[in-house]
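Quick notes on the structure that follows.
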Amino acid sequence: MSSSQEKSLCEPAEPVVLPRSEHPISRKQIDEHTLKVLYRLRSHGHKAYLVGGGVRDLLLGRTPKDFDVGTDATPNQVKKLFRNCFLVGRRFRLAHVRFGQDGLVEVATFRRQPREDELPENPEDHFFFAENVFGTPREDAFRRDFTINALFYDIADFSIIDYVGGLADLAARRIRTIGSPQVRFTEDPVRMLRAIEFAARLGFTLDEETREGIYSRAPLIAEAAPARIREEIMELFRHRVAGEVLRQAQGLGLLEHLLAGFEGDAETFDLLDKVDALTASGRPIEESFALAALYLSRFWRACPQGDGVPITEVVRIANLVLSPHCNYFHIAHGVRHLARELLVGCYRLSRGRGKRGEQRFVRHPLTPQALELFTLWVEMTGTGSELAASWQRALLRPSSTEISAEAEPIRRKPRRRRKPRKPRVKSEAPA
Ligand code: ATP
Ligand code: MG
């Protein structure tokens with residue numbers, strides 16, 4: 001952000017401050033460990049705010065995923081205040097305050113956007129560098145991504161502090177970048193995906209300028225670190241908005257740059273909606289399942305028609321379909337393998353009942369998951385429900401006799417061992 005832009009962004013000079021009597025956040029809603037950390041920082045003369053998504057969610061009457069603390073104490077000062085504190089991350093320098101086995105409060109020192117002349121030479125290092133320059137609360141608010149994510153709850157007087165117009169945007173149910181979207185998306189292209197994600201999660205609309213910013217900066221997302229994109233994509237699945245967000249991302253021209261070569265077709269988005277609904281019902285999402293769902297439609301298209309395709313060929317096709325994604329995002333072999341097996345499992349299920357090796361397939365530990373995915377596909381297309389139901393019955397009640405008959409490993413004829421050859425006696429060559 002240029003300094004003139006930053007200046008204009010910082011207008012008006014004074015933040016909006018909502019006193020306790022004018023907002024609904026009560027300390028009862030904040031977890032006790034977070035409160036302890038806030039109070040202790042405060043009692044040692046530091047500023048101590050609840051920051052980020054926690055404040056946003058509480059103001060919306062939602063249950064926050066977690067609470068983050070912002071302070072003007074440096075990580076080392078935080079460490080001195082808490083016996084159970086560990087400084088983590090070479091890049092992010094955060095303080096983790098532990099409580100018992102599972103209690104963890106993340107404490108971050110206020111940071112600011114670095115000036116152009118402070119940035120390291122390599123643009124790839126900008127994002128991480130920017131994460132580590134300490135600043136004031138105001139600067140910390142302005143370095144954040146969206147106005148609704150930059151609200152502070154001050155433990156000193158229980159007020160809400162808003163430097164960026166986040167309260168107005170919460171009321172208008174609007175996702176708006178802090179500052180020019182073009183600039184903020186160029187600084188960190190992953191924010192484009194996050195904008196669409198928050199809109200979907202909260203049922204908000206994208207501010208017009210923010211939407212246009214995504215449209216114009218979409219190709220930049222291809223330059224973002226694959227590990228971050230991979231993580232954000234899994235966030236979409238965890239938050240049950242994968243279908244909606246990727247559909248929107250396609251509409252805004254982001255998807256083709258996000259997942260290189262990914263062809264988002266209507267069937268894929270509809271299937272992802274089904275996956276999201278399944279996750280909403282409580283089934284935890286795994287990356288292998290998400291991957292198989294993302295590529296199932298393409299896999300079907302790549303599989304030759306007809307019954308006689310050998311499974312080895314189907315495995316080869318599944319690999320081919322998944323490889324570009326898995327290579328680009330450095331997906332671990334175990335996850336790749338599971339995703340491929342799910343696709344091949346769907347293929348086996350689609351061939352119908354009574355094929356060779358059915359009992360072994362029915363008892364395979366991955367078949368229930370393959371059937372889950374296949375059933376979602378069937379529900380989405382509206383054809384094949386009989387077949388899915390029949391497989392469901394087979395999985396629930398595999399007949400014991402059938403199983404025991406099939407449980408035996410297939411007996412192959414023992415290989416005839418060759419008799420060791422007698423060493424040939426060299427016939428003496430005639431002289
Ligand atoms: P949730 O945890 O519910 O997904 P969140 O808003 O807490 O939502 P996090 O990813 O946990 O999101 O990030 C915490 C906060 O850090 C955000 O609210 C935002 O203020 C800031 N933040 C996160 N990512 C970025 C980014 N790429 N650019 C600027 N600020 C960011
Ligand atoms: Mg969070």
Side-chain angles (χ1 to χ4, degrees), residues 1 6 9 29-31 34 49-71 89 91-94 96 104-114 124 126-133 135 137-153 160-167 169-170 175-204 210 213-214 217 220-221 223-225 227-242 245:
M1 210 183 303
E6 199 168 327
L9 279 177
Q29 295 168 288
I30 304 170
D31 111 290
T34 307
Y49 297 165
L50 201 61
V51 299
V55 185
R56 173 198 71 216
D57 288 344
L58 286 179
L59 284 171
L60 288 171
R62 304 165 70 97
T63 309
K65 199 171 73 181
D66 46 33
F67 293 102
D68 294 323
V69 171
T71 180
R91 284 173 154 173
F92 289 99
R93 278 187 290 164
L94 286 173
H96 275 181
L104 175 74
V105 180
E106 207 168 272
V107 184
T109 306
F110 296 135
R111 285 169 270 170
R112 70 172 164 85
Q113 196 85 30
E124 279 181 21
H126 285 191
F127 177 77
F128 294 107
F129 182 83
E131 287 291 310
N132 282 310
V133 185
R138 162 189 297 283
E139 287 168 330
D140 190 78
F142 278 96
R143 65 140 187 122
R144 289 173 185 275
D145 46 9
F146 309 109
T147 58
I148 59 161
N149 285 351
L151 296 165
F152 298 146
Y153 170 87
I160 303 282
I161 307 175
D162 177 12
Y163 287 99
V164 294
L167 288 167
D169 286 333
L170 266 190
I175 304 295
R176 193 161 60 89
T177 56
I178 298 173
S180 145
Q182 261 87 351
V183 173
R184 302 308 309 278
F185 291 153
T186 307
E187 270 168 19
D188 176 15
V190 177
R191 290 176 185 146
M192 295 188 268
L193 184 57
R194 283 173 62 87
I196 307 176
E197 179 193 329
F198 281 117
R201 275 172 59 187
L202 305 171
F204 280 25
T210 300
I214 297 177
R217 292 295 185 265
L220 293 181
I221 199 130
E223 290 162 28
R228 288 188 65 214
I229 302 283
R230 178 184 174 187
E231 185 45 38
E232 286 297 335
I233 288 182
M234 278 318 291
E235 278 295 287
L236 304 183
F237 280 96
R238 282 183 213 114
H239 287 290
R240 314 178 285 270
V241 289
V245 170

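Atoms within a ligand are numbered from 1 in the order they appear, just like the ligands themselves.
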Specify side chain, backbone, both or neither for [X], according to which of its non-hydrogen atoms lie closer than 4.0 Å to ligand 1.
X      : value
Asp188 : side chain
Arg228 : side chain
Phe198 : side chain

Q) Taking the non-hydrogen atoms of Glu187, is any one of them nearer than 4.0 angstrom to ligand 1? A) no
Taking 4.0 angstrom as the limit and counting only heavy atoms of [X], give me the atoms of ligand 1 inside it, by number and element.
X      : value
Gly52  : 18 (O)
Arg144 : 15 (C), 16 (O), 19 (C), 20 (O), 21 (C), 29 (C), 30 (N)
Arg56  : 1 (P), 3 (O), 5 (P), 6 (O), 8 (O)
Gly53  : 5 (P), 6 (O), 7 (O), 18 (O)
Arg201 : 1 (P), 3 (O), 4 (O)

Q. Should Arg228 and Asp188 count as an ion pair when the cut-off is N to O under 4.0 Å?
A. yes
Q) Quick check: does Glu197 get an N/O under 3.5 Å from an N/O on ligand 1? A) no
Q | Check: Arg184 N/O within less than 3.5 Å of ligand 1 N/O | A | no
Q: Can you label the angle between the Tyr163 ring and the Phe152 ring as parallel, tilted or perpendicular, going by 30° and 60°?
A: perpendicular
Below 3.5 Å, can you tabulate the donor-acceptor pairs from side chains in residues 58-71 to any protein atom, sequence neighbours excluded?
residue : atom : partner : partner atom : Å
Arg62   : NH2  : Arg201  : O            : 3.3
Lys65   : NZ   : Glu235  : OE1          : 3.2
Thr71   : OG1  : Lys47   : O            : 2.7
Thr71   : OG1  : Ala73   : N            : 3.0

Q: Check each of Arg143, Glu139, Arg144, Glu187 against Gln113 using the side chain to side chain donor-acceptor pair (under 3.5 Å) test, and report the only one that passes.
A: Glu187
(Q) For atom 25 (C) of ligand 1, which of the options Thr177, Asp145, Val190 provides the nearest non-hydrogen atom? (A) Asp145
**Q.** Closest to atom 9 (P) of ligand 1 among Lys65, Arg194, Glu231, Glu232 (heavy-atom distance)
**A.** Arg194
Q) Can you name the residues that form a side-chain hydrogen bond (donor to acceptor under 3.5 Å, both in side chains) with Thr147, not counting sequence neighbours? A) Asp169
Q: Please confirm whether the backbone N or O of Thr210 pairs with a side-chain atom of Arg176, one donor and one acceptor, at under 3.5 Å?
A: no
Q: Looking only at non-hydrogen atoms, find the nearest pair between Leu151 and Ile148 and report the distance.
A: CD1-O, 4.0 Å
